[in-house]
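What follows is a short report on a single structure.
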There are 2 protein chains.
Amino acid sequence: MRKKKISASLEDYLETIYEIIEEKQGVKAIEISRRLKVGRSSVTEALKNLAEKKLVNYGRYDVISLTPAGERAAREIQFKHQVLYDFLVNILGVNEDEAQNNACRLEHVISENVLKRLILFIEFNKNFHCADHNYLEEFKKFYSEKEE
Amino acid sequence: MRKKKISASLEDYLETIYEIIEEKQGVKAIEISRRLKVGRSSVTEALKNLAEKKLVNYGRYDVISLTPAGERAAREIQFKHQVLYDFLVNILGVNEDEAQNNACRLEHVISENVLKRLILFIEFNKNFHCADHNYLEEFKKFYSEKEE
DNA sequence: ATTAAATGTACGGCAAGCCTAACACTTTGT
DNA sequence: ACAAAGTGTTAGGCTTGCCGTACATTTAAT
């Protein structure tokens, strides 16, 4: 009974709900609507859908919350996002906005195994020094030479 | 008049057509159907759609080919795929099948700029040696230690 | 407490993409 | 050349996910 896939769109809803919970006390549908830039009615639909899948607790006009399974799923997605963002910013040196944008899309399609390797790669890079050269510094230099 | 975005689905069709052209003389719709694992009728629809966008030359029961714009677009997608595959296999050390799978999905969502950086990162890595350590070798060692 | 504003929902619609089944055209084998 | 098999097309249907509008409910202001 593990890991039923949900659509990228539903992942976004879950992730957003989770983020709002982290920041505020209650989750209002309109807040989800604003963050995802979709209509209020789309949020209602999505919530019903997520409720069917037992990922959110939902009832008409009622408080929105994540079920344990929903929270687990949301955390996973958020974690993927964070790893990707970290890679893009701290390794590739992409600017923050673009890194966010890319992470938002990549998080829905990257496999578990690639994620795992990416995590280790990041860890490895942060500590890798060799004969007083910092690897990432070297890459930045290399990159900015190629820029011109 | 540059770079109108098309859907991930249409990108797959374009890419597949391009691949078939590289391998065989003529493109048959059924071949596209087989490779993309969709029904024959879905191919017809997609071809009409791509023809509307002036990316393929299409007429009922007629030979399928790419327009110059279509070929350009297909090349771009294939190139992205190749870069991602290269990164996954040669840098992260992901196995070939999984790298193909991931590349197929990532190619539709990665931005131009991230791609550009990835290309340079790969280039940089291939040549980066330092005090007789090969960087990628070091990562492989690091990775396999963590594996256990 | 009452009303105005804000928020949530239901309903009907639309587009993308996929499907199956039936039919049209082409190719192939004899 | 002609039937059978293969391929391409059309028509109709389904699902996901979005929208706008109108209505229901809740919240906030007075």
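FYI, side chains are in, hydrogens and waters are out, and symmetry mates aren't considered; it's all heavy atoms of this structure. Numbered from 1 within each chain, the chains take letters A, B, ... in sequence-line order.
- Residue A:Tyr13 places none of its side-chain N or O atoms closer than 4.0 Å to OP1 or OP2 of D:dT16.
- Looking at which nucleotide of DNA chain D each of A:Gly39 and B:Gly59 is closest to, the 5′-most match is held by B:Gly59.
- Nucleotide D:dT27 holds its P atom 11 Å from the CG atom of A:Asp62, rounded to whole Å.
- A:Asp12 has its side chain within reach of A:Glu107: a pair of non-hydrogen atoms, C-beta onward, lies under 4.5 Å apart.
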Pull out every protein N or O sitting under 3.5 Å from an N or O of nucleotides 21-24 of chain D, one pair per line with the distance.
| residue | atom | partner | partner atom | Å |
| --- | --- | --- | --- | --- |
| D:dA24 | N3 | A:Tyr61 | OH | 3.4 |

Worksheet item: Given the rule in the salt bridge (charged side-chain N to carboxylate O under 4.0 Å, His left out) test, do A:Glu76 and A:Lys80 qualify, once you have shown the distances and angles that lead to the verdict?
Response: CA-CA 6 Å; A:Glu76 268 182 41; A:Lys80 280 188 188 183; 5.8 Å; no

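- Residues B:Phe87 and B:Leu115 are not in side-chain contact: their nearest non-hydrogen atoms beyond the backbone lie 4.5 Å or more apart.
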Discussion item. Working note: B:His108 + A:Arg105, criterion side-chain contact (heavy atoms from CB on, under 4.5 Å); need CA distance, chi angles, decisive distance, verdict.
Written reply: CA-CA 9 Å; B:His108 304 299; A:Arg105 296 189 304 269; over 6 Å; no

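- Here D:dG8 presents its C1' atom at 9 Å from NZ of B:Lys28, a figure rounded to the nearest Å.
- A:Asp12 has its CG atom 9 Å from the P atom of D:dC18, to the nearest Å.
- Note on A:Thr44: a base of the nucleic acid sits closer than 4.0 angstrom, heavy atoms only.
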Worksheet item: For A:Lys116 and A:Glu112, what are the C-alpha separation, side-chain angles and deciding distance, and is it a salt bridge (charged side-chain N to carboxylate O under 4.0 Å, His left out)?
Response: CA-CA 6 Å; A:Lys116 197 175 74 183; A:Glu112 290 303 324; over 6 Å; no

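- Along DNA chain C, the stretch of nucleotides lying under 4.0 Å from any heavy atom of chain A spans, 5' to 3', C:dT7 to C:dA10.
- Pairing each heavy atom of B:Ile64 with each of B:Val27, the nearest pair is CD1-O, 3.7 Å.
- Of all non-hydrogen atoms in A:Leu14 and A:Ala73, the two that sit nearest each other are CD1-CB, 3.7 Å.
- Listed pair A:Ser42 / D:dC18 fails the phosphate criterion, with no side-chain N or O lying under 4.0 Å from OP1 or OP2.
- Checked options A:Glu71, A:Gln78, A:Arg75; the residue passing with A:Tyr18 is A:Arg75 (criterion: side chain to side chain donor-acceptor pair (under 3.5 Å)).
- If you check every strand for non-hydrogen atoms under 4.0 Å, A:Ser33 touches nothing.
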